2 protein chains.
Amino acid sequence: MTQELFASYSFLLDRTARKVKHYAQQQFKFGKFDVTVDQWLVLKNLAERPQVSQTELANLVLKDHPTLTRIIDLLSKKGLVQRVQHPQDRRSFQLHLTAKGEKKVASLKPRILEIREKAWENLTESDFHEFKRILNTIYQNLDTHNGI
Amino acid sequence: MTQELFASYSFLLDRTARKVKHYAQQQFKFGKFDVTVDQWLVLKNLAERPQVSQTELANLVLKDHPTLTRIIDLLSKKGLVQRVQHPQDRRSFQLHLTAKGEKKVASLKPRILEIREKAWENLTESDFHEFKRILNTIYQNLDTHNGI
DNA sequence: TACCAATAGTTAGTATGACAAATATATGAA
DNA sequence: TTCATATATTTGTCATACTAACTATTGGTA
């Protein structure tokens with residue numbers, strides 16, 4: 001491939017990712033979900049994997065540790081998540097949703113799936129698979145921890 | 001399409017966009033380019049469209065005005081860009097690269113095209129066109145200013 | 001002329017992202 | 001046991017993203 005041809009991909013990728021996040025955030029705001037898109041990602045993963053440590057959760061959601069620390073701070077200020085001392089390791093926390101957090105996840109989950117659907121109008125299932133394949137290939141091409 | 005099938009696209013999109021930016025930023029750092037990826041985007045557009053206003057430039061690079069204000073502040077602190085009063089409209093600036101800015105763009109441009117190429121290993125030209133089409137469709141699906 | 005709405009840009013506040021360094025604790029080797 | 005090293009989390013700093021509110025200026029209109 002010639003260089004000029006694909007020089008624009010990073011711009012398109014970045015602007016689309018921002019549009020997707022921004023659209024979702026707007027919908028969250030109109031629906032008074034009272035969490036950000038990134039906070040939702042953390043809540044959702046925590047619902048699926050209770051009792052994980054911050055390090056494990058950071059790997060699940062692909063955020064670095066300082067970022068996750070701050071998101072957990074905000075979620076715990078909102079009363080949705082609690083840090084509990086790990087019984088063996090005093091450096092570590094086990095994170096879990098509060099009752100309020102569980103309720104939040106249950107009520108938002110279906111509404112958020114609907115919001116996410118909007119992006120795929122005029123696109124087919126095979127488009128989705130192509131898209132996933134290309135994104136994952138790019139990711140691996142640039143991943144220095146891929147063992148190659 | 002079923003909801004569960006594509007529920008993950010926003011996560012994949014976001015993680016890939018961050019990987020692309022992060023990879024480029026690492027290369028910028030090793031190469032001592034002394035600008036960030038976003039600062040580069042602004043510089044490049046300014047080289048192609050001299051004398052634009054901040055509002056025009058913000059539309060070109062799809063950044064909001066406060067973000068662009070700060071990027072221009074940083075670039076002008078580095079001596080790469082200058083704000084010049086618009087001769088007719090005292091609210092507005094005409095932006096232009098300094099001699100140092102011109103030199104920076106000329107020297108970095110080919111090196112950055114090389115860096116961008118890495119993402120497309122194992123992918124074809126037709127993958128690239130598919131990718132572009134899908135990204136643009138998603139963007140337009142979520143764009144509330146698309147006149148529909 | 002006087003007023004008012006629109007426009008260009010900045011400032012302030014909150015959240016996220018990357019990176020470096022600090023703190024506390026745990027673990028393994030001498 | 002003691003020391004070196006590794007791990008879990010936090011703090012600090014800078015850059016970017018978005019929102020809202022603000023200043024200055026412009027342009028149209030009564």
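Quantities reported herein were computed from a predicted structural model and do not represent experimental measurements. Residue numbering restarts at 1 for every chain, and letters A, B, ... go by the order of the sequence lines.
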Fill in: Exercise: identify the closest heavy-atom pair between A/Asp127 and B/Ile134
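Looking at all heavy atoms of both residues, the shortest contact is O-CD1, 3.4 Å.
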
Would you classify [X] as touching base, sugar-phosphate or nothing, given that sugar-phosphate means primed atoms plus P, OP1 and OP2, and contacts are heavy atoms under 4.0 Å?
X	result
A/Thr36	sugar-phosphate
B/Thr55	sugar-phosphate
A/Gln26	sugar-phosphate
A/Gln88	sugar-phosphate
B/Thr69	base
A/Asp64	base
A/Gln39	sugar-phosphate
B/Arg18	sugar-phosphate
B/His86	nothing
B/Ile71	sugar-phosphate

Worksheet item: With hydrophobic residues grouped by side-chain heavy-atom distances under 4.5 Å, do A/Val52 and A/Leu97 end up in a single group?
Response: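 Yes, because A/Val52 and A/Leu97 connect within a single hydrophobic cluster, where side-chain heavy atoms sit under 4.5 Å apart.
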
Worksheet item: Is there a path of hydrophobic side-chain contacts, each under 4.5 Å between heavy atoms of I, L, V, M, F, W or Y residues, that connects A/Leu62 with B/Leu12?
Response: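 A/Leu62 and B/Leu12: one cluster.
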
Worksheet item: Hey, does A/Gln26 have a side-chain heavy atom less than 4.5 Å from the side chain of A/His22?
Response: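 They are in side-chain contact.
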
Discussion item. When you compare the side chains of A/Lys78 and A/Gln39, does any donor N or O come within less than 3.5 Å of an acceptor on the partner?
Written reply: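 A donor-acceptor contact under 3.5 Å links the two side chains.
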
Practice prompt. Return yes if a side-chain donor-acceptor contact under 3.5 Å exists between B/Arg83 and B/Gln54, otherwise no.
Written response: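 Note: B/Arg83 and B/Gln54 side chains meet the donor-acceptor criterion.
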
Worksheet item: Any ion pair linking B/Asp14 and B/Arg18 (charged N to carboxylate O, less than 4.0 Å)?
Response: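 Yes, B/Arg18 and B/Asp14 are salt-bridged.
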
Worksheet item: Under a 4.0 Å N-O cut-off, is there an ion pair linking B/Arg133 with B/Glu130?
Response: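 Yes.
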
Discussion item. For chain A and DNA chain C, what are the first and last nucleotides along the strand, 5' to 3', with at least one atom under 4.0 angstrom from a heavy atom of the protein chain?
Written reply: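 So the contact region on DNA chain C extends C/dA15 to C/dA26.
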
Item to complete: Would you mind telling me which residue lines up with the more 5' stretch of DNA chain D, A/Leu68 or A/Arg91, judged by nearest nucleotide?
Response: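 The residue whose closest nucleotide sits nearer the 5' end is A/Arg91.
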
Discussion item. Quick check on DNA chain D: between B/Leu62 and A/Arg70, whose nearest nucleotide comes earlier from the 5' end?
Written reply: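 Checking each residue's closest nucleotide, the 5'-ward one belongs to A/Arg70.
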
Fill in: Segment of DNA chain D, first to last nucleotide, that comes within the 4.0 Å heavy-atom reach of chain B
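Nucleotide range with atoms under 4.0 Å of chain B: D/dA15 to D/dT26.
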
Worksheet item: With ring centroids as reference points, do A/Trp120 and A/Phe128 lie under 6.0 angstrom apart?
Response: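 For A/Trp120 and A/Phe128, the ring centres are under 6.0 Å apart.
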
Worksheet entry | DNA chain C: 5'-proximal contact among A/Val37 and B/Phe93 (nearest heavy atom) |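 Comparing both residues, the 5'-ward one is B/Phe93.
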
